[in-house]
Chemist: 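For reference, the structure I am asking about is given below.
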Amino acid sequence: SQTIHQWPATLVQPVGSPLSLECTVEGTSNPNLYWYRQAAGRGLQLLFYSIGIDQISSEVPQNLSASRPQDRQFILSSKKLLLSDSGFYLCAWTSGGRTDTQYFGPGTRLTVL
Amino acid sequence: AQSVTQLGSHVSVSEGALVLLRCNYSSSVPPYLFWYVQYPNQGLQLLLKYTTGATLVKGINGFEAEFKKSETSFHLTKPSAHMSDAAEYFCAVSVSYGNNRLAFGKGNQVVVIP
């Protein structure tokens, strides 16, 4: 069966520090991968999605970036965090079929101080 | 562009009463519609989805939703609320078939009153 992992689970970082969040999927190959951010009272905002290695699409201009160095690994990064980057970050995957469900990871709670 | 609207960020329901969460969508193509549930500090879990076929869709935990094209709605219901139903619920619509992007509503925080 397929599983999706995210780490770390929680992170507290000072403003201006770098960021690296990792997401990995097991039990499938060539998944579509997604990064979302969930801020209080604002629902889910799609940040990036990827349909293959080194194929990244950005949905929202920001100081974040994403990379997919391996088929089942998706990394969210920042060179300098802002206070507004605080939130709950969720990674998701789907096999890519037209009606397929997005399956979500457990999330990373990021607090920028 | 495809979008969903969920009204009422917080919904209170008595234990044993009907749970009704409203979702209206906008889509220029035949929509695929989803309801997800999120418990505190966890990821989202699929409750049910509509793609094609039967318009009444049954999901996990006793929830169901009905696709009504004429009303552009996909409301979620459960006949009898349980304390364990306290969570946040999100409606979503497919944005693009090619990459399975979804557009989510802002969510409904459900509080169950004993």
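The chains referred to below are lettered A, B, ... by the order of the sequence lines, with proteins before strands, and numbering in each begins at 1. Model, not experiment: these values are computed from the prediction. No hydrogens, no waters, no symmetry mates; every other heavy atom, side chains included, goes into these values.
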Chemist: In this structure, would Ile60(B) and Phe104(A) fall into the same cluster of hydrophobic residues linked by side-chain contacts under 4.5 Å?
Modeler: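 Different clusters.
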Chemist: Quick one: do Phe34(B) and Trp93(A) end up in the same hydrophobic cluster if we chain Ile, Leu, Val, Met, Phe, Trp and Tyr together by side-chain heavy atoms under 4.5 Å apart?
Modeler: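 Cluster IDs for Phe34(B) and Trp93(A) differ.
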Chemist: Over all heavy atoms of both residues, which pair between Phe88(A) and Asn41(B) is shortest? Give the atoms and the distance, please.
Modeler: CZ-C, 3.9 Å
Chemist: Need one label for Gln6(B): side chain, backbone, both or neither, based on atoms under 4.5 Å from any heavy atom in chain A.
Modeler: neither
Chemist: Under a 4.5 Å cut-off applied to non-hydrogen side-chain atoms, are Arg101(B) and Tyr49(A) in contact?
Modeler: yes
Chemist: I'd like to verify something: which residue of Gln38(B), Gln45(B), Gln109(B) has the highest number of heavy-atom pairs under 4.5 Å with chain A?
Modeler: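 Going by pairs under 4.5 Å, I would pick Gln38(B).
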Chemist: Identify whether Phe104(B) and Trp35(A) are in the same connected component of the hydrophobic contact network (ILVMFWY, side-chain heavy atoms under 4.5 Å).
Modeler: no
Chemist: Flag the pair Tyr34(A) / Asn100(B) as yes when at least one side-chain heavy-atom distance between them is below 4.5 Å, and no otherwise.
Modeler: yes
Chemist: Look at atom CZ of Arg22(B) and say whether more than 12 heavy atoms of other residues, nucleotides or ligands are closer to it than 6.0 Å.
Modeler: no
Chemist: Just so I understand: if I count every heavy-atom pair under 4.5 Å between each of Ile4(A), Ile51(A), Thr94(A) and chain B, which residue has the most?
Modeler: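 Highest number of pairs under 4.5 Å: Thr94(A).
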Chemist: Is there a side-chain contact between Tyr36(B) and Thr101(A) in this structure, where contact means two heavy atoms from C-beta onward sitting under 4.5 Å apart?
Modeler: yes
Chemist: Given a strict heavy-atom distance threshold of 4.5 Å, which part of Leu46(B) is in contact with chain A: side chain, backbone, both, or neither?
Modeler: side chain
Chemist: Do Glu88(B) and Gln38(A) come within less than 4.5 Å of each other through their side chains, counting heavy atoms only?
Modeler: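 Glu88(B) reaches Gln38(A) side chain to side chain.
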